[in-house]
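Notes for the one structure printed next.
The structure displayed is predicted, hence computed values, not measured ones. Heavy atoms only: backbone and side chains are in, while hydrogens, waters and symmetry mates are out.
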Amino acid sequence: MDQIGLLLDGFAAALTPGHLLWALVGVTIGTAVGVLPGIGPALTVALLLPITFRLDPASALILFAGIYYGGMYGGSTTSILLNTPGESASMISALEGNKMARAGRAAAALATAALGSFVAGTIGTVALTFLAPVLSDFATGFGPPEYVALMALAFVTVSALLGRSLLKGAASLLVGLTLGLVGIDSQSGQPRMVFGIDSLLDGIDVVIVVVALFALSEAFQHLLAGTGHSTVQPLRERAILSRSDFRRSWPAWLRGTALGFPIGSLPAGGAEVPTFLSYSVEKKLTKHPEEFGKGAIEGVAGPESANNAAAAGVLVPLLTIGLPTSATAAVILTAFQSYGLQPGPQLFTESGPLVWTLIASLYVGNVMLLVLNLPLVRMWAKLLTIPSYGIYAGVLVFATLGTYAAGGTTVDLVVLCALGLLGLLMREAAIPVAPAIVGLILGPLAEQQLRRALTLSEGDPSILLSGPITIVLWCVVAVALLAPAGRALFRKRARAVASR
């Protein structure tokens, strides 16, 4: 009851005209930068940080939170329409969403993304309000062995993205793992695979890889195929969700939320892992398996919900223990500190009104995002009527500008083009590009946590099975590995019995 009273006080402050204006500005800017490849919410918040020093702390933090939530949604727009994720966490939405757009169902894909973002963001904010202390205690109990098991589970679920050929999928995953090795070894401090180029010491930015393998490779493929004048009819049906689409979407929204918020709350959980897991779950539970890979609406609804629920989850360790688990959260932490505020266990007691105003503004921002984006799905979908050469010329411009803005060196542009050509070769060889992103994101995390675990145990691998959480996770990994073989054996026996 105390929390409800504090939240109501927060709403009273958040619904003032000034704070509503900053929330609207934040979600609008966030949606816009989410649409632009390479220019994510972290970069935008960092650029605006010096400008907001004259604002009061509540207004500045409401603005940054709006940018954060808006950026998570905006990334889905170009993922669906142009197969160009604005954020790495929006990559999964491109797998099915772009297929839906190419089949004339762009509006339905954008609508399920908008509604899923609203549902997940609202549920995630409710969970942030009431479960933050509990989840914070649980998250701090995760050690390196638990993270190794969690990363293993994420690697296993990548099988949902490998396509029909396990060998080609594994090759793509290996490409990503190799790219993840570039940079300074976190344990020894020695450079790896940098070839004497100082700009590579910090590694290859995941946004560069995502934009290159998805956006540039597709643009190059259109150039190679000579289909630059082709267009798409984006609306072959009403620009709303049909009853069938809604029935298929709402369970995926809830499942995505159930995966996104808890994993996003974990230190180093991030938004990528739950989106991978959500896509895998939806592919296994769907009643329409023939549509996956061709435009299944569950493949958009689930990952988008997981993405936005994880965005709310990331705020749990930030506010309760002062631990940023994403680039944007790290910049927001800097914003807190610039106003003399230190997120942590004492934040709710020392700066309670500010924190509850911020949390209340998240509810308001979610409603604003829905009102702002849902009526625009028809307009966004009509972008596909522009000839391909115009669309992909714009994609190339924004991709290169975003890459240069993020890194500020010509080496980043060279890496972007090289990886774009690599993506083209992978597409021509029918090798899926999604597993490469999985390997790039999760590979360094898995390596770091495994080495920490073995250091703690002085080389004894039994530490990986040292607790109930790790045992449960490894059991899930075993089931995930054995289930496909079991299903194949069952079907084989069923066919043998039927043929008798």
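Interatomic distance, Leu173 CG to Leu177 CG, rounded to the nearest 0.5 Å: 4.5 Å. Taking CZ from Arg247 and CG from Asp245, the interatomic distance works out to 9.5 Å, rounded to the nearest 0.5 Å. Atom CG of residue Asn366 and atom CG of residue Asn308 lie 7.5 Å apart, to the nearest 0.5 angstrom. Atom CG of Leu254 and atom CD1 of Ile123 lie 5.5 Å apart (nearest 0.5 Å). From Leu450, atom CG reaches atom CG of Leu464 across 6.5 Å, with rounding to the nearest 0.5 Å. A distance of 11.0 Å separates CD1 of Ile297 from CZ of Phe246, quoted to the nearest 0.5 Å.
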Requested in this report: Go through Leu200 and Met193 one step at a time and tell me if the side chain to side chain contact (heavy atoms under 4.5 Å, CB included) criterion holds.
Outcome: CA-CA 8 Å; Leu200 295 179; Met193 299 177 63; over 6 Å; no

| request: List the steps, then state whether side chain to side chain contact (heavy atoms under 4.5 Å, CB included) holds for Leu362 with Leu315. | output: CA-CA 11 Å; Leu362 298 178; Leu315 296 177; 3.6 Å; yes

- Query: Is there a side chain to side chain contact (heavy atoms under 4.5 Å, CB included) between Phe118 and Leu369 once you walk through the steps?
  - Reply: CA-CA 8 Å; Phe118 173 74; Leu369 276 171; over 6 Å; no

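In terms of modelled atom types and a separation under 3.5 Å, the side chain of Thr125 and the main chain of Gly121 share a donor-acceptor contact. Between the side chain of Ser278 and the backbone N or O of Thr275 there is no donor-acceptor pair closer than 3.5 Å. With hydrogens and angles ignored, the 3.5 Å screen pairs no side-chain donor or acceptor of Trp253 with any backbone N or O of Ala306. Under the 3.5 Å distance criterion, the side-chain polar atoms of Thr112 are left unmatched by any main-chain donor or acceptor of Ala109. Although no hydrogens or angles enter the test, the distance criterion places a donor-acceptor pair under 3.5 Å between the side chain of Thr400 and the main chain of Val397.
Looking at every heavy atom in both residues, Pro444 comes nearest to Gly439 through CD-O, 3.9 Å. In this structure, Glu304 and Ser117 approach most closely via the heavy-atom pair OE1-OG, 3.7 Å. Considering every non-hydrogen atom in both Thr129 and Tyr363, the closest pair reads OG1-OH, 3.0 Å. For Ile431 against Ser172, the heavy-atom pair with the smallest separation is CG2-CB, 3.7 Å. When all heavy atoms of Glu298 and Thr286 are compared, the closest pair comes out as OE2-OG1, 3.3 Å. Nearest heavy atoms, Ile263 versus Pro274: CG2-CD, 3.7 Å.
The side-chain heavy atoms of Val27 and Ile67, taken from C-beta on, include no pair separated by under 4.5 Å. A heavy-atom distance below 4.5 Å is not found between the side chains of Glu96 and Ile80. When side chains are defined from C-beta on, Asp412 does not count as touching Ile204, because their heavy atoms never get closer than 4.5 Å. Residues Glu447 and Leu181 have side chains in contact (heavy-atom distance under 4.5 Å, counting atoms from C-beta outward). Within the 4.5 Å cutoff, no side-chain heavy atoms of Glu291 are placed close to those of Lys99. Annotation: side chain of Trp474 is not in contact with side chain of Ile469 (no heavy-atom distance under 4.5 Å). Considering only heavy atoms from C-beta on, Leu179 comes within 4.5 Å of Leu419 through its side chain. Between Val300 and Met100, some side-chain heavy-atom pair lies under the 4.5 Å cut-off.
By the side chain to side chain donor-acceptor pair (under 3.5 Å) test, Ser217 pairs with Arg427, sequence neighbours left out. Every side chain to side chain contact (heavy atoms under 4.5 Å, CB included) that Val281 has, sequence neighbours left out, goes to Arg255, Leu259, Leu285.
Checking Thr257 against Ser305 by side-chain atom types alone, no donor-acceptor pair falls below 3.5 Å.
Identified under the ring-ring contact (aromatic ring centres under 6.0 Å, His included) test for residues 290-315, with sequence neighbours left out: Tyr279-Phe292.
Counting heavy atoms of neighbouring residues, nucleotides and ligands inside a 6.0 Å radius, atom CH2 of Trp250 does not exceed 12 of them.
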